[in-house]
Amino acid sequence: MPDILPLDRRTALTLGAGALLSGIEPAFAREIGQSGAPDWASEPMRWFQLAFTEDDPGRYDPVVWIDYFQQIHADGVCLSAGGGIAFYPTAIPYHGMAQGIGKGVDPFGDMVAACKKLGMRVLARIDPHAMNAAAAAAHPEWALTGPDGKIKRHGSAPDLTLTCAYGPYNFELMPKVIEEIARRYPVDGFFGNRWNGSGTCYCQSCRTLYRAASGQEVPVDPDPSKPEGRRYAAWVEERLFTLMDLWNAAMRKHRPQAFFIPGGDRRGLVDLNGPALSKRLPLAFCDRQARSAVDSPWATGPEVWGAGRYTRELRAFMKDKPVGHIISVGVEEAYRWKDSVQSPAEICIWAAGAIAQGARPWITKFNAKPLDRRWMEVVRQIYSWHHANEAYLRNSGNLSRVAIVHSPRTTAYLGGWNRRGQLEGHLRGFYQAALESRVPFDLIDEDFLDEASLSRFRTIILANAAVLSDAQCDQIRAFVQRGGNLIATHQTSLYDGDGRLRVDFGLADLFGCSVTRKAEGPLKNAYLTLRHAHPAMAGLSDISRTIGPLFRQPVTAHDQSDVALTLVPSYPDLPMERVFTDKAETNLPMAICRQVGRGRVAYLPMDIDRTFAELGHGDHLTLLRAMLDWTHQEAHPLQIEGPGLLDIACWCQPKSMTSHLVNLNNPMTMRGSYREAIRTGPYRVRMKLPQDKRAAQARLLTAGMAVPHGAADGWVEVDVPYIDFHEVVAIDFA
Ligand SMILES: [Zn+2]
């Protein structure tokens, strides 16, 4: 088998993971440029995935689905093709086939032909993660192998063997499969389910390739918090990007406009490099199908606003390219009830959260013989609304001026497998604070801190973005020099791009302080004292003292006049007679807020964001909001008066602008299991018009009516009487 890792990449591997992770593939960029970026990627607005089961061939009714696709105005479809189990008569030896295929039975081919007749774009779903017994017996070298040399069976279907994603199954067999499908069927692209492996593999191919690339053995414990784990993750990433390029080349022999779209819950076990991924993807989907009761980074979590969060994570590296959100109509829990159906309210709120943040909906259904059809009418209503208002949902740009930097490298390098959830708490906390504060905001990927990517933002938030390379620190410094504002927490920039501890913050000059010793915590019975004389705290005169964070990073301020918050250190919390302190105020800085050139920088040497995610204390929300207000110094482009909790977004389209309001006022918001819409309102919505635009008319897209609007000084104002799940205020430009 050829070693297709290019020599320069192999050299990069020896330099360490950080050097490699920031790389992109110029050759591939040129190839895309020559063949023309696939022009169809932005066309489909509503997707549907029909995933066949092995007993579907000959037993399901294609007419039901074709009728349904027309009813819901679906314009993109993903259909099960092959990989481990083919749903067409494949001629490739050891490419497994579903029962009954081949005697004139070709469910994939039938559905492709019918969908193309409707003008739909078609993705062939491939799933190479497991193979049947005949394939495993003939090709044991295709199997996922443990450190003991034993091949691994499928956990749920023991007659199947798991495959190695980095070796000959994906690199030799799958290009033939992809080419066969592309040659026989008029597909527009391929979607890969579980294409990227089922864990660390110790097969002969992996051992040989890894040794050649790194000079090391495949690590026994590839936890990315260890250098050997990061080296292995970098190699995996390289293999997967090479695989994507190989598969793209295979399909383009017959379908020049086709491209591969990876499935996967986020961006891989250690998140794949954002720029390298977006370079290869004209269109991407977020596979976070529904809320789940488990609160862990491997699950979607219980909060209903997760749909919006994962869409923002996708757009953090896809930016203005089209993105979609894969939505399940079933219950997505560890117990895997794949034939289940959620309540209509739950489907509606999850879809609304994703659509509001710019996702095109993709409904996924397993089994072409639906046993429980209650979801079909719900999806028909959502998709019919989406179709009727399509012009207002085809966004050309997001208007928010605040971005939280998404730093998956920090969570992987410092959190590893075990503490990743804790590290993600920083982003989750600031995310919730921005949501509760009704600040329109986006996420931006840690590798898109360049001038062009940050140009639309006035303030960026580094919620414990601890791992930052020197180059990234320079980019942030340049952003502030251009007049940008910065909020940072805890150990931001304390580690270099490879995850090595620095002696001081990479951004110490911006923060106006230096590290004195290692982080402390958890802190019990410690408090924060506000210095109201500092302008950043001036608006908070009713709070003089509040509870402290759980962890803090001790620092010394370069100038005490920049200090806006100080620490009251822990003092006894038992027995009650001892619960007192003589320290009402110290010089221990907990917020350093300063003007740096034309920008403002607020640095909080503590995990107040993560503490807020855990405890939800109102004073911490007030403090985080005060940091946003003091730094940002500009009216947000969307302002809403009215009750409760909303997820919001503001967008422009070529001839209009829209504001999305998702109603999260429901007792089930933090748990996700919606029963009903709880109508809330009224709201007054003020939107800032883009320069040189005037408002001609206003519409409420869910209420389905034109409404009066007021306009003055470049702002337009509309009253929204109520919201059930989701309302969109659309302003047509004159
Ligand atoms: Zn392997």
Side-chain angles (χ1 to χ4, degrees), residues 1-6 9-10 12-14 17 20 82-85 92-96 126-178 192-224 226 228-247 250 260 262-264 267-270 272 417:
M1 184 186 45
D3 173 4
I4 59 176
L5 196 64
R9 309 296 280 169
R10 194 180 298 148
L13 273 176
T14 63
L20 186 70
I85 300 169
I92 296 169
Y94 302 112
H95 180 208
I126 49 175
D127 184 339
H129 85 277
M131 58 181 161
N132 63 25
H139 290 283
E141 77 280 10
W142 289 352
L144 182 77
T145 308
D148 54 1
K150 289 189 180 144
I151 64 164
K152 293 200 172 178
R153 300 266 182 202
H154 197 287
S156 309
D159 61 310
L160 299 178
T161 299
L162 292 173
T163 56
C164 166
Y166 321 121
Y169 193 88
N170 270 355
F171 281 76
E172 292 174 11
L173 179 76
M174 284 307 295
K176 291 180 196 156
V177 170
I178 288 166
N193 188 63
R194 290 190 67 172
W195 67 288
N196 54 347
S198 307
T200 313
C201 181
Y202 302 83
C203 74
Q204 196 53 51
S205 163
C206 283
R207 286 175 188 275
T208 307
L209 289 174
Y210 191 69
R211 209 177 287 133
S214 69
Q216 311 274 323
E217 296 302 318
V218 177
V220 177
D221 178 13
D223 190 307
K226 298 175 178 176
E228 60 269 29
R230 293 200 281 279
R231 196 182 299 120
Y232 180 71
W235 177 79
V236 165
E237 180 179 71
E238 181 57 45
R239 283 306 275 173
L240 293 177
F241 283 142
T242 306
L243 186 63
M244 287 176 73
D245 297 348
L246 185 69
W247 288 0
F260 174 68
R267 284 153 57 181
L269 294 178
V270 175
L272 297 174
W417 303 138

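Quick note: residue numbers are just sequence positions, from 1. Remember, it's 1-based here, ligands and their atoms both numbered in the order they're listed.
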Side chains of Cys206 and Trp235: does their closest heavy-atom pair fall under 4.5 Å? yes
Find out whether Ile126 and Asn193 are in side-chain contact, i.e. whether some heavy atom of one side chain is under 4.5 Å from a heavy atom of the other. no
Taking every non-hydrogen atom, the tightest pair across [X] and [Y]:
X	Y	answer
Asp221	Glu228	O-CG, 4.3 Å
Tyr169	Cys164	CB-O, 4.0 Å
Leu162	Ser198	CD2-OG, 4.1 Å

So among Tyr166, Tyr210, Phe241, which one has a side chain to side chain contact (heavy atoms under 4.5 Å, CB included) with Val236? Tyr166
At a cut-off of 2.8 Å, list the protein N/O/S atoms near the Zn ion (ligand 1), residue plus atom name. Cys164 SG, Cys201 SG, Cys203 SG, Cys206 SG
